[in-house]
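Since the structure is predicted, the reported quantities are computational estimates derived from the model, not experimental observations. Counting starts at 1 for both ligands and their atoms, in listed order.
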Amino acid sequence: MLSLVIIAILLTLASGKPCDTEGSNSELYLSLNKNLLRSLETQEGLPNPSVHLALRLSNYHNLAKESEHLNRLKNNLHNDIQSSLSNSQPIAGLLALYTLALKSSCYDLNTITFTGSEKNETLLTHLKKQMEDEKQHIAFSHRPLTNYYQYSLGVLALCASGIRVNNHVSNKLIKAVELEHFKHGDTESIDTHAMAGMALQCVKDAGSHVQNAAELDTALSTIKQKLLAARRADGHIGNEFSTGLAVQALLAMGSQVAECAASMEAMRTDARSNTYHNPMGISQILPALQQKSYLAVKSKECLNEDDTLVLEPIDPVVVLPSESTVTVMVEVVASSGTAVVYSVDAPKESSLLEALELLKGKNVGFTFEKESSLWGPFLSAVNGEQARQSDRRYWHLSSDGTSLTQGVKDFKIEVAQKITIKNTSY
Ligand code: B12
């Protein structure tokens with residue numbers, strides 16, 4: 001009898017543990033979910049397949065808004081992908097995210113086609129072809145045309161759609177794990193390890209990778225070790241923005257929810273302090289907080305779904321530019337190594353992008369260009385010099401010597417500092 005009482009007490013305690021999805025945390029998850037839904041209306045540019053995927057994997061839905069967004073993906077994103085394909089651009093990652101988004105809405109993938117060089121071919125055929133091109137490129141130059149994050153997304157999307165992934169394609173990913181090729185700039189990429197973990201776990205579950213089963217298992221355990229070793233004292237795995245994908249991967253690879261409790265708590269603390277204001281950030285953490293991974297797409301049935309998510313109108317908040325300004329030194333280090341330093345006074349709390357725009361307006365010789373991406377504006381050219389993916393170069397951002405963990409639009413200027421923008425190879 002006593003043991004029954006003890007078990008009952010333990011169960012009650014366990015249901016209140018930090019990994020619990022319901023209860024005290026459900027308010028927070030609902031508000032993240034609503035912010036994601038709201039972003040569909042406010043986001044400029046193309047509809048975001050990663051946001052769609054997270055909305056579809058959530059426990060709560062607004063089916064009308066989700067289906068409206070699905071239509072926008074099938075029109076606007078579809079047209080954008082068609083033009084990239086016509087220009088022979090490597091877009092494995094975007095094709096994969098589009099596939100996962102459609103699959104998460106239980107949409108018949110065989111009805112989605114793009115015009116290739118001669119004929120119409122399905123989305124999955126195009127993705128398979130892009131993965132073959134990526135694989136060839138790895139064979140010749142030891143790196144994908146895009147990056148290993150997108151290569152992993154491609155493997156995951158094919159596998160989650162029930163397509164048998166060519167052994168040679170998955171072997172290249174297994175080899176890259178072994179050779180420690182997953183980098184973000186010059187540091188180890190936790191995001192890429194996480195995405196590769198989900199992709200390879202899907203391949204393992206499909207049971208098709210029989211020839212190199214042992215290598216596949218070794219790669220999976222190496223990834224798991226990397227993710228666990230990247231856990232910080234505050235619970236993050238890598239940084240605030242890789243923790244969601246890392247938790248998703250650990251869950252997909254069979255970790256118990258309790259093992260991720262500290263990381264989940266770290267993300268909840270971040271979410272409460274508004275770290276995830278970029279919809280991309282929310283889209284990668286929400287599935288993890290709801291104890292799911294992108295692998296769930298594979299078995300998604302879209303039956304009897306909740307339809308209770310409603311958006312209350314919110315009073316528009318007018319943010320007036322701060323009266324006080326801070327001095328920002330902007331150092332530009334060109335590929336030749338030449339450095340130029342500028343100075344600009346920017347309103348406190350303005351974004352780095354706003355500060356750079358002010359600096360450009362001063363006509364002191366500083367110019368810049370940006371490209372849009374799912375994460376927002378990516379700095380692509382400074383003072384007339386491009387830093388391109390095709391040349392394996394990018395403009396690296398740092399503040400007083402510390403690498404920024406956000407881009408120009410999200411990073412806020414709070415104190416006087418020196419921003420360094422350096423043309424870097426990777
Ligand atoms: C690969 C990668 C890079 C590569 C991209 C080129 C390549 N090899 O393909 C390189 C090394 C250049 C890079 C640079 C940076 N990155 Co990066 N990157 C990634 C990664 C691992 C995958 C992106 C991807 O391919 N997505 C799939 C495709 C389909 O989506 P996409 O939007 O079309 O992809 C493009 C953009 O994401 C863009 N991009 C890459 N990084 C960043 C960062 C920002 C802020 C923006 C706006 C765009 C952008 O490049 C992609 C390829 O063209 C993500 C991880 C993640 N969780 O998403 C981090 C990630 C997006 N990067 C991040 C950061 C912080 C940066 C830098 C700001 C680092 C720095 N201190 O300089 C710079 C960008 C500076 C600039 N010039 O504006 C953060 C963003 C977090 C946030 N809240 O904004 C992430 C989430 C990693 C992390 N966990 O910290 N990155």
Among all the protein's non-hydrogen atoms, which is closest to [atom], and how far away is it?
atom: atom 9 (O) of ligand 1; value: Asn147 ND2, 2.7 Å
atom: atom 90 (O) of ligand 1; value: Asn239 ND2, 2.8 Å
atom: atom 32 (O) of ligand 1; value: Leu374 N, 3.1 Å
atom: atom 28 (C) of ligand 1; value: Gln150 NE2, 3.6 Å
atom: atom 24 (C) of ligand 1; value: Tyr149 CD2, 3.7 Å
atom: atom 75 (C) of ligand 1; value: Trp395 O, 3.4 Å
atom: atom 68 (C) of ligand 1; value: Gln406 O, 3.8 Å
atom: atom 53 (O) of ligand 1; value: Gln389 OE1, 3.3 Å

(request) Could you walk me through whether Ile237 and Leu250 pass the side-chain contact (heavy atoms from CB on, under 4.5 Å) test, one step at a time? (result) CA-CA 11 Å; Ile237 307 179; Leu250 287 172; 3.9 Å; yes
Considering all heavy atoms, the nearest [X]-[Y] contact:
X: Glu385; Y: Ser335; result: OE2-N, 2.9 Å
X: Leu289; Y: Met264; result: CD2-O, 3.8 Å
X: Ser283; Y: Tyr294; result: O-OH, 3.5 Å

(message) Check for me whether Lys183 meets the cation-pi criterion with Tyr426, that is, NZ or CZ under 6.0 Å from the six-membered ring centre and within 45 degrees of the ring axis.
(response)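 No, Lys183 does not lie over the aromatic ring of Tyr426.
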Within the protein, is there a heavy atom lying under 4.0 Å from [atom]?
atom: atom 59 (C) of ligand 1; result: yes
atom: atom 85 (C) of ligand 1; result: no
atom: atom 2 (C) of ligand 1; result: yes
atom: atom 81 (C) of ligand 1; result: yes
atom: atom 64 (C) of ligand 1; result: yes

Enumerate the atoms of ligand 1 whose separation from the nearest heavy atom of [X] is less than 4.0 angstrom.
X: His396; result: 70 (C), 71 (N), 72 (O)
X: Ser403; result: 71 (N)
X: Gly407; result: 45 (C), 84 (O)
X: Leu245; result: 57 (N)

[X] bridged to [Y] by N-O distance under 4.0 Å:
X: Glu305; Y: Lys300; result: yes
X: Arg268; Y: Glu265; result: yes
X: Lys360; Y: Glu357; result: no

(request) Would you please classify the geometry between the His396 ring and the Tyr394 ring as parallel, tilted or perpendicular, with 30° and 60° separating the classes? (result)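 Judged by the thresholds at 30° and 60°, the geometry between Tyr394 and His396 is perpendicular.
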(request) Can you label the angle between the Phe182 ring and the His193 ring as parallel, tilted or perpendicular, going by 30° and 60°? (result)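 Perpendicular.
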(request) Determine how many protein N/O/S atoms sit closer than 2.8 Å to atom 17 (Co) of ligand 1, leaving waters out since they are not shown. (result)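 With waters ignored, the protein N/O/S count below 2.8 Å is 1.
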(request) State whether a side-chain donor-acceptor pair under 3.5 Å links Gln417 with Ser399. (result)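 The criterion, which ignores hydrogens and geometry beyond distance, is satisfied for Ser399 and Gln417.
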(request) Compute whether any side-chain donor of one residue and acceptor of the other, for Asn239 and Thr405, lie under 3.5 angstrom apart. (result)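 There is no such pair between these side chains.
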(message) Using only atom types and a distance under 3.5 Å, with no angle test, would you say the side chain of Asp191 pairs donor to acceptor with the backbone of Tyr149?
(response)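 Looks like no, no N/O pair under 3.5 Å.
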(message) Under a 3.5 Å distance rule, please check whether His69 uses its side chain to pair with a backbone N or O of Pro49 as donor and acceptor.
(response)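 Pair absent, no side-chain N/O of His69 close to backbone of Pro49.
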(request) Please indicate whether Glu301 has more than 12 foreign heavy atoms, meaning atoms of other residues, nucleotides or ligands, lying under 6.0 Å from its CD. (result)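 Count not over threshold, so no.
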(request) Tell me, with the steps shown, if His52 and Ser105 meet side chain to side chain donor-acceptor pair (under 3.5 Å). (result) CA-CA 9 Å; His52 192 80; Ser105 279; 2.8 Å; yes
Give the single entry among [options] that approaches [atom] most closely by any heavy atom.
atom: atom 89 (N) of ligand 1; options: Leu153, Asp191, Thr420; answer: Asp191
atom: atom 73 (C) of ligand 1; options: Tyr394, Phe368, Tyr151, Tyr426; answer: Tyr394
atom: atom 42 (C) of ligand 1; options: Phe241, Phe378, Tyr276, Tyr98; answer: Phe378
atom: atom 36 (C) of ligand 1; options: Ala92, Ser373, Ser372; answer: Ser373
atom: atom 78 (O) of ligand 1; options: Thr187, Leu379, Leu97, Leu397; answer: Leu379

4.0 Å heavy-atom contact, [X] with ligand 1:
X: Thr405; result: yes
X: Leu404; result: yes
X: Pro377; result: yes

(request) Would you please name every residue forming a ring pair (Phe, Tyr, Trp, His ring centres under 6.0 Å) with Tyr107, sequence neighbours left out? (result)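 With neighbours one apart ignored, the set is empty.
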(request) Please work out whether any backbone atom (N, CA, C, O) or any side-chain heavy atom from C-beta onward of Gln284 is under 4.0 Å from ligand 1, and answer side chain, backbone, both or neither. (result)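 Side chain only.
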(message) Show me the pairs that pass salt bridge (Lys or Arg N to Asp or Glu O under 4.0 Å) and involve residues 322-333, at least two apart or across chains.
(response)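 Found Glu331-Lys418.
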(message) With side chain to side chain donor-acceptor pair (under 3.5 Å) as the rule and sequence neighbours excluded, what pairs involving residues 151-174 come up?
(response)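 Passing the test, one end in residues 151-174: Glu132-Asn166, Asn167-His209, Asn167-Gln211, Ser170-His209, Asn171-His209.
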